[in-house]
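Both counts, for ligands and for their atoms, begin at 1 and track the order of listing.
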Amino acid sequence: MAKILQVSQLGNPVLRQQAQPIDDFGDRNIQKLIDNLMATVAKENGVGIAAPQVAESYRLFIVASRPNLRYPHAPKMEPTAIINPRIIAHSSEVVKDWEGCLSIPGIRGLVPRYQEIEVEYTSRDGKLHRQELTDFVARIFQHEYDHLDGIVFLDRVESTQELMTEQEYDRRIVQNG
Ligand code: ZN
């Protein structure tokens, strides 16, 4: 049975650490961590979660885009475990859009991200993948990737004027979006 894990909040030093690569993809604890991360991101209405957010400082995250209470317009995809990711190329085009983070509850910010990225990662079965991602899914990937390097979305917001409480975001952005 997968377990719901406690999500570390901003201020916890684990969110600012450089996470370690995973060498043994088949390790039982890693496979279990993946199951628990998937259960946790679903329960918390997230679209992604990185291992450092549950105090496991590994280069591992889940991308799980689907419409939910926090992201009603998210595209639907199978939740995917991304291990030891690399961003190998990116578009010159950068787009700004609203992001939130399970580790920073109650706040949304406008974050610039590459519109398109080419990535390489290992999946939970140990296979190497190379893929092009665009728009919202590329945004999730870049957000979660940052967590592996100790970066949170607030670090990338260009102005504090581009921050909102979740309540104002729901009122102004979601209802018009
Ligand atoms: Zn986050």
Query raised in the report: Which residues satisfy the side chain to side chain contact (heavy atoms under 4.5 Å, CB included) test with Pro105, sequence neighbours excluded?
Result: Gln9
Query - Gln131 side chain near Glu120 side chain, heavy-atom distance below 4.5 Å - result: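 Side chain of Gln131 against side chain of Glu120, heavy atoms only: no contact under 4.5 Å found.
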Query - Hydrophobic cluster of Ile140, others only, ordered by chain and residue number, side-chain cut-off 4.5 Å - result: Val47, Phe61, Val63, Tyr71, Met77, Ile82, Ile87, Val94, Tyr114, Ile117, Val119, Tyr121, Leu133, Phe136, Val137, Phe141, Tyr145, Leu148
Requested in this report: For Gln20 and Arg59, test the side chains for any donor-to-acceptor distance below 3.5 angstrom and give the result as yes or no.
Outcome: no
Requested in this report: Nearest 0.5 Å please: distance from the CG atom of Leu110 over to the CD atom of Glu162.
Outcome: 5.0 Å
List the atom pairs, donor and acceptor, that lie under 3.5 Å between side-chain atoms in residues 51-58 and the rest of the protein, sequence neighbours left out.
residue: Gln53; atom: OE1; partner: Ala50; partner atom: N; Å: 2.9
residue: Gln53; atom: NE2; partner: Ser103; partner atom: OG; Å: 2.9

Query - Number of protein N/O/S atoms that sit closer than 2.8 Å to the Zn ion (ligand 1) - result: 3
